[in-house]
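Predicted model, so just to flag it, every value in this text is computed and none were measured.
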Amino acid sequence: MGLNSLRSLSPSIKQYLLITGNYWAFTLTDGALRMLVVLYFHQLGYSPLNIAMLFLFYEIFGVVTNLVGGWLGARLGLNNTMNIGLGLQIVALAMLTVSTEMLTVVYVMAAQALSGIAKDLNKMSAKSAIKTLVPADAEGKLYQWVALLTGSKNALKGIGFFLGGVLLTSLGFRGAIILMASLLGIVWLCSLVALKDDLGKAKNKPKFKDIFSKSQSINILSAARMFLFGARDVWFVVALPVFLATTFCWDHWWVGSFMASWVIGYGVVQSVAPYFTGKRQGKVPSGRAAFAWATYLLLIPAAIAVALHADFYVLESVVIGLLVFGAVFAINSSLHSYLIVSYAGSDGVSLDVGFYYMANAMGRLIGTVLSGWVYQAYGLEACLWISSGFIALAALISLKLPHKG
């Protein structure tokens, strides 16, 4: 796209591109950092539970940040919360450039806490901003824009996983962190200059008590989202990469590459999810679609668990099962991302989106802790059965969502 083409774009499209580019840059470093921490500390001899604990504050502060961040976004503007998130990520990365002797569990947890705050400020701001840029009567376009933002973000997170494995091998932990912090600093400076000052700022300043949603639909969707993401992270965050490294003796390159490929494919499917959920019939999805797709999903981890129990082509079962799970999970996630933006109020949209992503962070927190503890105590098979149970709960909760799109 040339300079003249960029100048001819509408202001809303320009802001959408800026927000998406900002979100992409952040996500790339976030994915790389996640893989760097898992692989590096596994290499140092940390147990799966200890590795999970490194992310404990990352997820806990994500819960708090989404609640408070939505309120801040409505009062200060989403451009400010997005830029604050980028700045905090740079500080979090800088904290990890110290010598190996200083990288204690408590210190890394503190750096990860800051990174968790940064990530959720950035994500909440990006998702909320889309609502302000799309006309109220353009639900189809809203779904497409949300799906594209979410899918492209996850594809880049996958590239970040790959990048984390490559950088750890080529530059070492400290070198990789310094490079990422430097590049993100350039993006942050550009974002400070280019984003609109009043993006997403509520006309009526919300009070702090307004951080909790009063919408029944949003409360139900948030509960379903919590179990959905708990179901993914209970086996994906710690259990799976450690299982691949220990059971099949995969090195950093192989683990990082496989996890990256999965997340990239997951992001691609998210981007085209509207074509699977009604676009071809000229429809937008409803709560009924959320129930149906969750029902399809719950069968997959159960099937992988049965294969592991029977010792049936274990490597093939895990790899193929994970790919199928990723595709169906991506459609579930994209559906939820559209529904929350659709249900959210137009004025102070970040309040509703922040509450919803608080539930998302709570699910990730539960899944991350269980991923380390359950895998260490009972193995991957148990993680997969818990995953199926969580998805079943998400499906049952989704039955209470409005059935009309």
How long is the span from the [atom1] atom in [X] to the [atom2] atom in [Y], to the nearest 0.5 Å?
X	Y	atom1	atom2	value
Phe41	Leu54	CZ	CG	6.0 Å
Ile159	Thr27	CD1	OG1	11.0 Å
Phe291	Leu399	CZ	CG	4.5 Å
Leu167	Phe173	CG	CZ	11.5 Å
Leu335	Leu228	CG	CG	10.0 Å
Met82	Leu121	CE	CG	10.0 Å

Do [X] side-chain atoms and [Y] backbone N/O form a donor-acceptor pair below 3.5 Å?
X	Y	result
Asp120	Thr65	no
Arg174	Thr97	yes
Ser317	Tyr313	yes
Ser398	Arg288	no
Thr247	Phe243	yes
Asn122	Gly85	no
Ser191	Val187	no
Tyr107	Met95	yes
Ser334	Ala330	no
Ser388	Leu298	yes

**OP:** With Arg232 as the cation and Phe390 as the aromatic partner, state whether NZ or CZ is under 6.0 Å from the six-membered ring centre and within 45° of the axis.
**Re:** no
Original post:
Could Arg34 and Phe55 be counted as a cation-pi pair, given that NZ or CZ must be under 6.0 Å from the ring centre and within 45° of the axis?
Top reply: yes
Subject >> salt_bridge(Lys119, Asp30) N-O dist < 4.0 Å >> reply: no
Original post:
More than 12 heavy atoms of other residues, nucleotides or ligands under 6.0 Å from CZ of Phe57: is that the case?
Top reply: no
Subject >> Check: Asn360 and Arg364 side chains under 4.5 Å, non-hydrogen atoms >> reply: yes
Subject >> Heavy-atom check, side chain of Leu221 versus side chain of His336, under 4.5 Å >> reply: yes
Subject >> Candidate list Phe329, Phe161, Phe162, Phe236, test ring-ring contact (aromatic ring centres under 6.0 Å, His included), partner Trp262, passing option >> reply: Phe236
Original post:
Of the non-hydrogen atoms in Val234 and Ala239, which two are nearest, and what is the gap between them?
Top reply: O-CB, 4.3 Å
